[in-house]
Amino acid sequence: MPNTESQAPTNFIRDIIAADLAVNKNNGRVHTRFPPEPNGYLHIGHAKSICLNFGIAKEEAGRLCNLRFDDTNPVTEDTEYIESIIEDVHWLGFDWEDRLYYASDYFEKLYNYAVQLIESGKAYVCDLSEEEFRPYRGTLKEPGKDSPCRDRSISENLELFQKMRAGEFDDGAYVLRAKINMADPNVHMRDPVVYRIRRATHHRTGDAWCIYPMYDFAHCVSDSIEGITHSICTLEFEIHRPLYDWFLDQLNVECHPQQIEFARLNLGYTMMSKRRLLELVAEGHVDGWDDPRMPTISGLRRRGYTPAAIRNFCERIGVTKFNSLTDIALLEHCVREDLNKKSQRVMAVLDPLRVVIENYPEGEVDELDAINNPEDPEMGTRSVFFSREIYIERDDFLEDPPKKFFRLGPGREVRLRYGYYITCVDAIKDPDTGEIVELRCTYDPETRGGSSPDGRKVKGTIHWVSVAHALNAEVRLYDRLFTDENPLGSENPDNYTDLMNPESLTVLKPCKVEPSTRDAVPGDKYQFERQGYFCVDNDSSPGNLIFNRTVALRDSWSKIAKKQ
RNA sequence: UGCCCGAUGGUGUAAUGGUAGCACAGCGGUUUCUGGUACCGCUAGUCUAGGUUCGAGUCCUAGUCGGGCAACCA
């Protein structure tokens, strides 16, 4: 079935696949894979790759996409990351059926392929240490020179490699190198390391191995083993492609996938480096991988983003080979668009100002009808409770309202959403600070439900919550994590923590929310009318409601106010 | 002075030799019991110089600018 969510725009990778299909390459098969290393949590940049790889597979029946963990470096990898990655890819809405693989599953095969390489004289065991080898590698401009071990006999290489596996040498004492060309202008082709000795307990194979294959060898062979047709990766691997092809050519395998590179996602005011993200977590600059300010999938989930919004974003940004910096406003647009259609509306007062309706009888309660979602009548209606004392938003009242301010002011009339028209008759101030502590208003009983029999118009409608019925809640407002659009793009990328936004988190407490949210559970999403989309946080509980602001509503008043 | 890749409005992208289009952002308007949504309109672009062609964003040449590459990381 074609993708019904949106007609996916074409891109150069789809074009390549279409061209391959046209000449019946791979017998018409299309098989991709998403190959994360389990050394960190997935971020929105990985979502781009996931949507691309799984998206291509989803396009037509018979196409497949594997999930494969590229777990060849036990030092940095962990099962915690495996679990989070599996959860995140599923949450995004993709499925690999029974094709969950690990490069570590192929360790034995990989070893045998390495032996094959040695036997054909294409690899040798080198006893130069990392440091000793450095001068042999040459520079970007100058060729390297051959290792003294380069001409070791095949039988000796075989024996040494076997002993490497058997644990007879110290870490780093020997490596297996591909015998390619020390003068190649591409430094990755200058006899790259294929296997290194590393006594580290692997999260899946334990201590079964003390030698581990390098990426360039493990990755192409793993792709080949799985019958991958199109091996899609990011631009920084472009320079590795000749090596990818070299290994598969030497090994004479039946499946030789085509590596295709695309530009990774860069998003403004955040960063996509797993290493840097890990630092933010480890150094306590954020609350964890799922801190709602993080660009991780788990952070976005906790923030209230939906899988559909993220998938849609990934479609819209396109796929090219050009390094770009995507405007965060596009991501925000995508969540608003999705949440607007789906969210239950509710009234919540974030910065409460008490209002007494002087002519409303004490002790009386009115039950009013409110629409749950004007975008979706099927979501029905609910009751909101009105009484003599209510809270309104502090910034919905101005003592000296400027032009075009449609809300409350002395002597002004506004509509309470789904309620009555009220007119402000007095503003009571704290005698010491001058701060307004309470408003005195009157209501027009004829305007119940929000319209007047005489047809008079009010320009403003404001949200409110009955004091007697309001629930207390904590509300967490989030802003961009960095003050710089490209925090790692400065001259000194190491100082990125200097660029962190001290106001990225604002906690509001106590806020006043409608009683209909009483039983809200983590993950529940609401639109707080006139304010934004909010999501119940993981820390929330029935007696202690906590909401995260996913994204604010578009606010044209703030633009007008700024201009004045 | 090495190798690889790239260049289209402010941003992200489309146009496969034939009217430079879409989305976001910005600006203006209509509708509205959310200053939301929806709808309408406006602003704004082919890195430069040559060449091929009836015709070039697209092909060729030269230049300019940007990114990547020298881990026993992926």
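Each chain gets a letter, A, B and so on, in the order its sequence line appears, and its residues count up from 1.
- For the side-chain hydrogen bond (donor to acceptor under 3.5 Å, both in side chains) test, residues two or more places apart in sequence or in another chain that qualify with A/D444 are A/R456.
- Taking the salt bridge (Lys or Arg N to Asp or Glu O under 4.0 Å) definition, one finds that A/R382 meets it with A/E514, sequence neighbours left out.
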So A/E529 and A/Q527, side-chain hydrogen bond (donor to acceptor under 3.5 Å, both in side chains) or not? Walk me through it.
CA-CA 6 Å; A/E529 293 224 23; A/Q527 183 196 97; over 6 Å; no
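- In this view, A/P148 and A/L128, A/Y136 satisfy the side chain to side chain contact (heavy atoms under 4.5 Å, CB included) rule, not counting sequence neighbours.
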Within the sub-3.5 Å range, which N or O atoms of nucleotides 40-47 of chain B have a protein N or O partner, and how far apart are they?
none

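- The side-chain hydrogen bond (donor to acceptor under 3.5 Å, both in side chains) check on A/S490 picks up nothing, with sequence neighbours excluded.
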Grab the N/O contacts between the protein and nucleotides 64-67 of chain B below 3.5 Å, and write none if there aren't any.
unit_1: B/G67; atom_1: O2'; unit_2: A/N323; atom_2: ND2; d: 2.8

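- Scanning for ring-ring contact (aromatic ring centres under 6.0 Å, His included) contacts around A/Y101 gives an empty result, with sequence neighbours left out.
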Under 3.5 Å for both distances, Watson-Crick or G-U wobble, that's the pair rule; now give the dot-bracket for RNA chain B, with | marking pairs to another strand and [ ] for crossing ones.
.((((((..((((....[..)))).(((((.......)))))....(((((..]....))))))))))).....
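- The ring pair (Phe, Tyr, Trp, His ring centres under 6.0 Å) test with A/F107 singles out one residue from A/Y212, A/Y102, A/Y113, and that residue is A/Y212.
- For the segment residues 172-184 of chain A, the set of residues with a heavy atom within less than 4.0 Å of an atom of RNA chain B comprises A/G172, A/V175, in numerical order.
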Summarise protein proximity over nucleotides 20-27 of chain B in one line of letters, 5' to 3': B for base, S for sugar-phosphate only, - for none, counting protein heavy atoms closer than 4.0 Å.
---SSSSS
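- Every pair tested for salt bridge (charged side-chain N to carboxylate O under 4.0 Å, His left out) that includes a residue from residues 174-187 of chain A fails, sequence neighbours excluded, so the list is empty.
- Heavy-atom distances under 4.0 Å link RNA chain B to A/L128, A/S129, A/E130, A/R137 of residues 122-137 of chain A, given in residue order.
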